[in-house]
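Model, not experiment: these values are computed from the prediction.
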Amino acid sequence: MCGVLRAADAGKKAVLMGWVNRRRDHGNLLFIDLRDRTGVTQIVFNTDRDRAVHEKAETLRNEYVIAVIGKVKMRDPNTINPNMATGEVELVADELRILNESKLPPFLPSDTALTNEETRLKYRYIDLRRDVMQFNIETRHKVAKAIRDYLSSQGFFEIETPFMTRSTPEGARDYLVPSRVQLGTFYALPQSPQLFKQILMISGFDKYFQIVRCFRDEDLRADRQPEFTQIDLEMSYPQPESVWSVVEGFLTAAFAAAGYTIQTPFPRMDYDEAIRLYGIDKPDLRLPPFTDVRECFSPENLQELAINPNLPVIAIRIPRVGELSRKERDDIKPMFHSKGGARVYEDFKRIANRYADAAKKIAEKTGMAEGDLIVLVAGSAQASSGETAFAPHRKVTPQELAIYASAGLLRLALAQKYAERHQCFQKGDFRFLWVTNFPMFEWDESEKQWMAAHHPFTSPHEQDMKLLEEGVESLHDPLSPLSAVRALAYDIVLNGTELGSGSIRIHRQDVQSRIFRALGMNEEEAKARFGFFLEALEYGTPPHGGIALGLDRIVMILAGAESLREVIPFPKTARAVDLMVDAPTPVSEKQLKELGISVRKTVT
RNA sequence: GGGGACGUAGUUCAGUUGGUUAGAACGCUGCCCUGUCACGGCAGAGGCCGCGGGUUCGAGUCCCGUCGUCCCCGCCA
């Protein structure tokens, strides 16, 4: 292979095959850098050695595929290239075969400037030849293999579940597949193998995993593709801790495969605490948490500043940002997206001038050092509370949540904007976190009702069963005790990215029915949608639970990539189009007719 | 569904206040070159300025629309 020859191989005969990466033509002396996925080796064609072979080599162009037979030669000391792994040697060509010519590609894998993504995606086969992409795809393979090996070693079976399955119109939109044999009916591609893996537990395969494609017909983002790969697993008789330790085990193996050592066990944090300290359920631990500095102000101060004294006053600290210019300070306000009347005080100096005492306490309480940026976020005193009134059962009220969430988004925006200054985002710094005890239900303001925060198969806390019972008929009551029901659900978070989400599931049919009822699904509806599953639950279902992690996101972080598209060989654009194969496309009248489908010109 | 950025040579980009023939680098083609490695030298080819309309004596530049790519909000149980 082109990347393997070393000084020790000098004198040997070798055959190399690959692509012409670069040619340097010196007249009677011609150098070719020959590339394959392992690397690059310099080939030398010399008229002194063989005039005919050299002449043939003159016709070589970029991306031709060739085979070269020659002798590995130690380079003269002054021609050694220390920047190449193979730089001590070169292959002196005795024979050249042109295996295939190449049209001039729209861009070259050896280009240093990165071509625009549209062209890269259209000519993905060229793009994938670039060494960065080769590295990313190799990393992906190694990570997946390490995970497979680890889970197999722990007694997990990899079991396949169907891609053509049943539409469950909850959550994300389904991709539908029409059935020809059953006219007018549709399969759906799975959003996740959730119910199948639970049924596998009922079937006695007490440790299951699958590295599996999932499909969701929702709008895309840099970290969201319509088809993506999950590391899906489920086990019987687990505590949350047993799931966590399995995940910590395979992540250790996966990161080791990519050359990184990580520390386990990962820290854990209650959902409520994550909200209070970071304003988000996926905290990035690489930067300092919030500090509530309400106590640093006197009641009179708060009144003058028109700050609501009943809500937290949050100090966001970003280290080492240094003095901000007037313009930079002004730029903070537009970065702030207020929720529920939250207000931003971006000019800490002004606060310090007016309230020296308070500022001193804040500096102390936040651990502020010279050059640190402090921004305050607080509730407005006169904010009309047009929002839904207090949910008295929650530790964090909706009003508080609004403040925390606004501050959380600003914290991330500032962290990203000043990443070069605070230097907290270092390659190889992996800060994992388990976020636990999520609320079971979330209030949907547009539907004016409670929804499952995770999914409806998540088990509530044993201690909260009573609240569930009390709240089971209060779907539309924002004050319902449902608000306080905690779920045995947990997320794994890495550097502010949600890698995965899991839970202990409901294994009793009566509890499952109660959850459906609390979600406003009557027995008939529940039966129509999940009847097969409810029935299965009645035949001796063991307690079980599991998790699913996004493989693409893990590889993205390991590869240091900004987008999932960099670690998925054939990804889709923001409009869910594959530019290489040009999909989706209309289909022929004949195909539609066979399926009994007609297409409307507009969606109404 | 909403907001924002971008679209000029094969590629990456520049293009002033609207004003002669739209430039550079890399790549490409030809010639020269025996130690280069992002080789070098000389010469050359290559443009529907995304598309459509408008304003103007005159549009790459201003306006409207449209298409495409990217980012964000909504959405993602």
Side-chain angles (χ1 to χ4, degrees), chain A residues 21-34 40-49 54 58 61-63 73 75-84 86-87 90 92 103-123 126-127 168-174 191-192 194-195 214-226 228 334-335 337 339 409 412-413 416 438 440-442 444-447 450-458 487 489 498 501 503 515-516 519 521 529-530 550 562-563 565 572-577 579 603:
Chain A
N21 198 48
R22 274 217 160 80
R23 51 176 293 206
R24 292 177 293 280
D25 188 350
H26 290 241
N28 289 318
L29 183 66
L30 174 64
F31 299 102
I32 294 287
D33 288 343
L34 195 65
V40 170
T41 297
Q42 173 166 284
I43 315 287
V44 187
F45 295 93
N46 196 325
T47 45
D48 288 350
R49 185 141 185 130
H54 176 272
E58 295 261 88
R61 293 296 179 269
N62 283 325
E63 299 308 303
K73 178 179 155 266
R75 295 199 197 181
D76 290 341
N78 57 324
T79 63
I80 284 176
N81 185 347
N83 301 320
M84 281 171 88
T86 60
E90 59 194 6
V92 182
K103 268 174 68 174
L104 177 66
F107 58 97
L108 291 171
S110 58
D111 279 348
T112 39
L114 198 55
T115 302
N116 83 68
E117 212 174 345
E118 211 174 331
T119 312
R120 287 178 54 205
L121 289 175
K122 177 156 186 212
Y123 298 92
I126 307 287
D127 187 44
T168 51
E170 309 270 319
R173 288 184 196 91
D174 287 323
Q191 298 174 26
S192 92
Q194 183 62 34
L195 294 179
C214 300
F215 307 86
R216 292 181 190 174
D217 185 5
E218 294 294 342
D219 287 351
L220 291 84
R221 288 283 191 285
D223 62 352
R224 266 167 31 195
Q225 283 273 312
F228 57 99
M335 290 163 75
H337 298 285
K339 300 186 180 193
L409 289 175
L412 291 181
Q416 196 159 24
F438 278 77
M440 181 81 196
F441 301 99
E442 255 168 16
D444 183 334
E445 191 58 40
S446 61
E447 301 283 327
W450 292 97
M451 311 261 283
H454 185 55
H455 57 58
F457 314 107
T458 302
E498 180 196 319
S501 193
S503 63
I515 294 286
F516 282 145
L519 290 169
M521 227 186 281
R529 283 188 192 172
F530 303 110
E562 295 287 324
S563 155
R565 294 184 298 274
K572 295 185 175 52
T573 70
R575 283 176 62 253
V577 168
L579 291 175
V603 179

List the atom of A/Glu63, the atom of A/Pro105, and the distance in Å for their closest heavy-atom pair. CG-CG, 3.8 Å
Taking the same atom, P, in B/G40 and in B/G35, what whole-Å distance lies between them? 15 Å
Euclidean distance, atom CD of residue A/Glu58 to atom P of B/G30 [Å, nearest integer]: 10 Å
Let's see if you can work this out: which of B/G27, B/U34, B/U36 has an atom nearest to the side-chain heavy atoms of A/Asn28? B/U34
Using the P atom in both, what is the distance from B/A45 to B/U12, to the nearest Å? 24 Å
Would you say A/Lys122 has more than 12 foreign heavy atoms packed within less than 6.0 Å of its NZ? no
Identify whether the distance between the nearest side-chain nitrogen and carboxylate oxygen of A/Asp33 and A/Arg22 falls below 4.0 Å. no
Please name the nucleotide paired to B/C70 by Watson-Crick or G-U wobble geometry with both distances under 3.5 Å, or report none. B/G4
Provide, to the nearest angstrom, the distance between the CG atom belonging to A/Asp174 and the C1' atom belonging to B/C75. 15 Å
Using the C1' atom as the reference point in each nucleotide, state the distance between B/G52 and B/C67 in Å, no decimals. 10 Å
Sugar-phosphate only, base, or nothing, as touched by A/Thr458 at under 4.0 Å among non-hydrogen atoms: nothing
N/O-N/O pairs, protein side and nucleotides 8-12 of chain B side, under 3.5 Å:
from: B/G10; atom 1: O2'; to: A/Pro106; atom 2: O; distance (Å): 2.6
from: B/U11; atom 1: O4'; to: A/Pro106; atom 2: O; distance (Å): 3.4
from: B/U12; atom 1: OP1; to: A/Asn116; atom 2: N; distance (Å): 2.4
from: B/U12; atom 1: OP1; to: A/Asn116; atom 2: ND2; distance (Å): 3.1

Considering every strand and a 4.0 Å limit on heavy-atom distances, what is the contact class for A/Glu118: base, sugar-phosphate, or nothing? sugar-phosphate
Taking all non-hydrogen atoms of both residues into account, name the closest pair between A/Glu218 and A/Ala172 and its distance. OE2-CA, 3.5 Å
In the structure shown, which nucleotide is the Watson-Crick or G-U wobble counterpart of B/U36, with both distances under 3.5 Å? none
Considering only the P atoms, how many Å lie between B/G60 and B/U8, rounded to the nearest integer? 15 Å
Could you check how far CG of A/Leu29 sits from C1' of B/U36, rounded to whole Å? 7 Å
Name the residue closer to the 5' end of RNA chain B, choosing between A/Ala453 and A/Ser563 according to the nucleotide with the nearest heavy atom. A/Ser563
With sequence neighbours excluded, residues passing side chain to side chain contact (heavy atoms under 4.5 Å, CB included) with A/Thr41: A/Cys2, A/Leu5, A/Leu16, A/Thr86
Between the base of B/G27 and the side chain of A/Arg61, is there a donor-acceptor distance below 3.5 Å? no
Taking atom C1' in both B/C49 and B/G3, compute the distance separating them and give it to the nearest angstrom. 27 Å
Are B/U36 and A/His26 stacked, with the base six-membered ring and the side-chain ring centres under 5.5 Å apart and planes under 30°? no
Which of the following nucleotides, B/U36, B/C70, B/C75, is nearest to the side chain of A/Ala574? B/C70
For B/U69, does OP1 or OP2 lie under 4.0 Å from any side-chain N or O of A/Thr573? yes
Closer than 3.5 angstrom, by distance alone: can the side chain of A/Arg224 be matched with the main-chain N or O of A/Asp219 as a donor-acceptor pair? yes
Would you confirm whether A/Arg75, through its side chain, and A/Gly87, through its main-chain N or O, come within 3.5 Å as a donor-acceptor pair? yes
A/Arg23 CZ - B/A38 P separation (whole Å): 17 Å
Determine: side-chain N/O of A/Arg221 to OP1/OP2 of B/G74, distance under 4.0 Å, yes or no. no
Please tell me which of the listed nucleotides, B/G35, B/U34, B/A38, lies nearest to the side chain of A/Asp48? B/U34
Euclidean distance, atom CD1 of residue A/Ile126 to atom P of B/G27 [Å, nearest integer]: 17 Å
Check: A/Arg75 side chain, B/C37 base, donor-acceptor under 3.5 Å: yes
Can you tell me how far P of B/G35 sits from CZ of A/Phe45, to the nearest Å? 18 Å
Paired with B/G18 by Watson-Crick or G-U wobble geometry, both distances under 3.5 Å: which nucleotide is it? none
Atom-pair distance (CD on A/Glu442; P on B/C75), nearest Å: 10 Å
From C-beta outward on A/Asp219, which listed nucleotide comes closest to its side chain: B/C75, B/G68, B/G35? B/C75
What interatomic distance, in whole Å, is found between P of B/U21 and the corresponding atom of B/C26? 28 Å
Less than 3.5 Å apart, any donor N or O on the side chain of A/Asn116 or A/Thr119 sitting next to an acceptor on the other? yes
Roughly how many Å apart are B/A59 and B/A22, using the C1' atom of each and rounding to a whole number? 13 Å
Please indicate whether A/Arg173 has more than 12 foreign heavy atoms, meaning atoms of other residues, nucleotides or ligands, lying under 6.0 Å from its CZ. no
Quick one: is A/Arg575 getting a side-chain N or O under 4.0 Å of the B/U69 phosphate, OP1 or OP2? yes
Taking the same atom, C1', in B/U11 and in B/G74, what whole-Å distance lies between them? 36 Å
Pair of N/O donor and acceptor under 3.5 Å linking B/C76 base with A/Arg224 side chain: yes
Round to a whole Å and report the spacing from CE of A/Met84 to C1' of B/G35. 14 Å
Is a side-chain donor or acceptor of A/Asn81 paired with a backbone partner of A/Asn83 at a separation under 3.5 angstrom? yes
Complementary nucleotide of B/C28, counting Watson-Crick and G-U pairs under 3.5 Å: B/G44
What's A/Arg565 touching, base or sugar-phosphate or nothing? Going by heavy atoms closer than 4.0 Å. sugar-phosphate
Could you please name the option among B/C37, B/C70, B/C75 that lies closest to any side-chain atom of A/Arg24? B/C37
If only side-chain N and O atoms of A/Asn62 are considered, is one of them under 4.0 Å from the OP1 or OP2 phosphate oxygen of B/C28? yes
side-chain contact (heavy atoms from CB on, under 4.5 Å) between A/Phe530 and A/Leu195: does it pass, once the steps are laid out? CA-CA 9 Å; A/Phe530 303 110; A/Leu195 294 179; 3.9 Å; yes
Is A/Asp25 side chain donor-acceptor paired with the B/C33 base, going by distance under 3.5 Å alone? yes
Re B/C75: Watson-Crick or G-U wobble partner, both distances kept under 3.5 Å, found to be none
Would you indicate what A/Gln225 reaches in the nucleic acid, counting non-hydrogen atoms under 4.0 angstrom: base, sugar-phosphate, or nothing? nothing
Quick one: on RNA chain B, does A/Asp76 or A/Glu218 contact a more 5' nucleotide (nearest heavy atom)? A/Asp76
